Amino acid sequence: MYNKVLDPQCQWQKKRRPRALTRSGPSQIREMKEVARWQIHLIVLGIGLFFVNAGMTMIIPFLPLYLQELGVRDLHRVAVWASVIFAANFFTAFLFQPIWGNMADRYGRKMMVLRSGFGMAAVMTLMGFAGGPWQLLLLRILNGVVSGFAPASIALMSAGTPRHKIGFTMGSLQSSVVAGTILGPLFGGFMAEHYGYRPIFFVTGALIFIASVLALLLVKEQFVKDGAKRSGGTPLLEAFRPLLKVRELNMLNVTTVVIQFALLGPVALIPLFVQELSGQAGMVAFYAGLVGSVNGLSNMIASPILGRLGDRIGSGRILFFSLLGSALVCLPQAFVHSTPQLIAVRFALGICMGGLLPSVNALIGKYAPPNAESMAYSLNSSMYALGSMLGPLVGGMVSESISIRGVFVLSALLLAACAFWLRHGLPDKPGRAGTGA
């Protein structure tokens with residue numbers, strides 16, 4: 001009969017198991033801590049992005065009304081002031097985001113999150129004390145200078161997230177951004193109705209301050225200063241050169257401009273389009289808000305789902321099909337004949353939009369050179385600001401000659417062209433994006 005006790009091989013295995021477990025124990029504990037850390041960061045920065053975007057979008061729908069309260073009475077002057085003040089924030093953000101990205105690669109992403117958060121909290125609070133349109137314009141310019149909470153948060157998460165979870169992470173952050181943009185105007189409308197416009201700025205500053213405090217207390221960044229000095233201790237233009245040599249990053253930056261240009265081009269015209277469809281001037285504001293809300297709601301739902309799918313089949317594929325889907329769904333907006341039809345199409349468009357910017361962010365994390373992730377995300381944030389600034393301006397100008405329906409067609413053509421351009425120039429094998437393989 002086989003005696004297990006006297007089997008020397010069995011005894012050797014019994015003696016070996018405790019040593020193997022002892023060796024793997026510390027590494028397993030470190031791995032569990034790393035997993036817990038990136039999940040905590042995702043929750044904290046997700047809440048922070050929600051607060052920041054909710055606070056920033058609270059004031060946008062009421063900016064012209066606030067200008068009237070500041071003494072601008074002529075409607076034409078109100079429109080001009082509102083356009084200039086709105087664009088000023090994106091213009092200075094476009095100029096300064098690469099600078100902050102370079103500093104993030106030198107001194108750490110968390111420091112840039114805190115710099116932007118506390119800076120924007122102070123500027124937004126000061127806007128509540130503005131005594132005229134010039135003061136509000138200068139504060140909006142300053143707000144664009146100190147902005148950068150989102151790209152710094154994305155870069156921090158990209159550096160500390162497991163590669164096979166990067167798509168899900170970027171989708172979750174996008175959901176936080178969209179949730180803030182949905183609820184911000186609703187809460188801002190309630191505040192304006194009951195308490196006036198100035199308290200909205202104070203609440204906005206408080207929300208951004210809370211987000212910054214949460215990041216200060218709960219986000220722990222492991223920043224390697226030696227590598228950062230080698231990559232970030234160079235002048236700004238020198239720091240740009242490695243990024244500009246990466247063809248894939250250049251394509252993603254152009255894609256970001258196209259996405260924002262095409263999607264924001266018709267946004268400022270939506271209330272006028274709703275008025276044309278409904279013929280009920282008294283319900284324009286309600287239906288215009290509903291159109292924006294359903295678009296953001298479907299975007300929020302779809303972002304983490306498409307992000308998780310991107311972890312499996314590749315973020316490049318998700319980006320291609322999301323661009324193509326956005327083009328196909330954007331086109332029918334030019335042919336709707338009622339507000340419910342427009343709402344249905346905008347809801348479908350939000351689903352496709354859920355795979356756009358999160359996929360771009362995931363691919364930037366894949367293609368960015370080592371120790372230059374923050375610079376890459378900040379450069380992309382500048383392209384985001386550029387598209388966000390040019391889209392509404394150009395859309396408003398061309399709508400006089402081709403109408404708003406023509407703007408929808410133009411947006412669809414741009415998105416479709418961008419999709420096929422990326423398809424042939426940005427190969428992405430299944431599972432490669434987001435895994436770092």
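All values reported here derive from a predicted model rather than from experimental measurement.
- Between the CD1 atom in Ile318 and the CG atom in Leu309 there is a gap of 4.0 Å [rounded to 0.5 Å].
- Considering only residues two or more places apart in sequence or on other chains, Phe335 meets the side chain to side chain contact (heavy atoms under 4.5 Å, CB included) condition with Leu331.
- In this structure, CG in Asn89 is found 9.0 Å from CE in Met120, a value given to the nearest 0.5 Å.
- For Arg115, the salt bridge (charged side-chain N to carboxylate O under 4.0 Å, His left out) criterion is met by no residue, not counting sequence neighbours.
- Across all their heavy atoms, Arg346 and Ser298 have their closest contact at O-OG, 4.2 Å.
- The side chain to side chain contact (heavy atoms under 4.5 Å, CB included) check on Asn380 picks up Asn253, Thr256, Val360, Asn361, Ile364, with sequence neighbours excluded.
- In this structure, Phe50 and Gly180 approach most closely via the heavy-atom pair CD1-N, 3.4 Å.
- Between Pro266 and Val407, the closest heavy-atom pair is CG-CG1, 3.8 Å.
- Listed by chain and number, the residues in a side chain to side chain contact (heavy atoms under 4.5 Å, CB included) with Leu214 are Val44, Ile47, Ile210, Leu218 (sequence neighbours excluded).
- Here the side chains of Ser322 and Leu306 are in contact, with some heavy-atom distance below 4.5 Å.
- In this structure a side-chain-to-backbone donor-acceptor pair under 3.5 Å is present from Ser303 to Asn299.
- For the residue pair Ser147/Asn143, the side-chain donor-acceptor check at 3.5 Å is not satisfied.
- The distance from atom CG of Leu156 to atom CD1 of Ile154, rounded to the nearest 0.5 Å, is 11.0 Å.
- Across Tyr384 and Leu357, no two heavy atoms sit closer than the pair CE1-CD1, 3.6 Å.
- Under the 4.5 Å side-chain criterion, counting only non-hydrogen atoms from C-beta, Trp421 is not in contact with Val258.
- Of the possible donor and acceptor atoms, one in the side chain of Arg198 sits under 3.5 Å from a partner among the backbone N and O of Ala130.
- Between Leu142 and Leu126, every side-chain heavy-atom pair lies at or beyond the 4.5 Å cut-off.
- Using a 4.5 Å heavy-atom threshold, the side chains of Gln39 and Ile43 count as separate.
- Counting only residues at least two apart or on different chains, the ring-ring contact (aromatic ring centres under 6.0 Å, His included) pairs with a member in residues 290-320 are Phe320-Phe420.
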>> Could you walk me through whether Thr204 and Met127 satisfy the side chain to side chain contact (heavy atoms under 4.5 Å, CB included) test, starting with their C-alpha distance in whole Å, then the side-chain angles of each, then the deciding distance to 0.1 Å, before giving a yes or no?
In response: CA-CA 10 Å; Thr204 298; Met127 287 184 187; over 6 Å; no
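- Side-chain atoms of Tyr195 and Val203, non-hydrogen and from C-beta on, never get closer than 4.5 Å to each other.
- Listed for the Arg109 side chain is no donor-acceptor partner under 3.5 Å among the backbone atoms of Ala152.
- Between Val52 and Leu207, every side-chain heavy-atom pair lies at or beyond the 4.5 Å cut-off.
- Judged by distance alone, with hydrogens and angles left aside, the side-chain atoms of Ser116 form no donor-acceptor pair with the main-chain N or O of Met112 at under 3.5 Å.
- Interatomic distance, CG of Leu45 versus OG of Ser172, reported as 12.0 Å (0.5 Å rounding).
- Rounding to the nearest 0.5 Å places CH2 of Trp100 at 5.5 Å from CE of Met103.
- Phe118 has its ring centre no less than 6.0 Å from the ring centre of Phe149.
- Closest approach of Met124 and Phe201 over heavy atoms only: O-CB, 3.3 Å.
- The shortest side-chain heavy-atom distance between Leu349 and Ser326 falls under the 4.5 Å cut-off.
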>> Would Val329 and Ile351 count as a side chain to side chain contact (heavy atoms under 4.5 Å, CB included) here? Give the steps.
In response: CA-CA 10 Å; Val329 176; Ile351 295 176; over 6 Å; no
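- Here Leu390 pairs with Phe261, Leu386 under the side chain to side chain contact (heavy atoms under 4.5 Å, CB included) rule; sequence neighbours left out.
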> Going through the checks in order, is the side chain to side chain contact (heavy atoms under 4.5 Å, CB included) test met by Thr125 and Phe209?
Replying inline: CA-CA 10 Å; Thr125 302; Phe209 180 81; over 6 Å; no
>> Set out, in order, the CA-CA distance, both residues' side-chain angles and the distance that settles side chain to side chain contact (heavy atoms under 4.5 Å, CB included) for Leu413 and Val409, then state yes or no.
In response: CA-CA 6 Å; Leu413 292 176; Val409 175; 4.2 Å; yes
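- Taking both residues in full, the closest heavy atoms of Pro369 and Leu249 are given as CD-CD1, 4.0 Å, listed atom of the first, atom of the second, then distance.
- Within the 4.5 Å cutoff, no side-chain heavy atoms of Arg140 are placed close to those of Gln135.
- The 12-atom threshold is exceeded at CZ of Phe202, counting heavy atoms of other residues, nucleotides or ligands nearer than 6.0 Å.
- With hydrogens and angles ignored, the 3.5 Å screen pairs no side-chain donor or acceptor of Ser315 with any backbone N or O of Leu363.
- Around atom CE of Met111, no more than 12 heavy atoms belonging to other residues, nucleotides or ligands sit under 6.0 Å away.
- The CG atom of Leu243 sits 12.0 Å away from the OH atom of Tyr377 when rounded to the nearest 0.5 Å.
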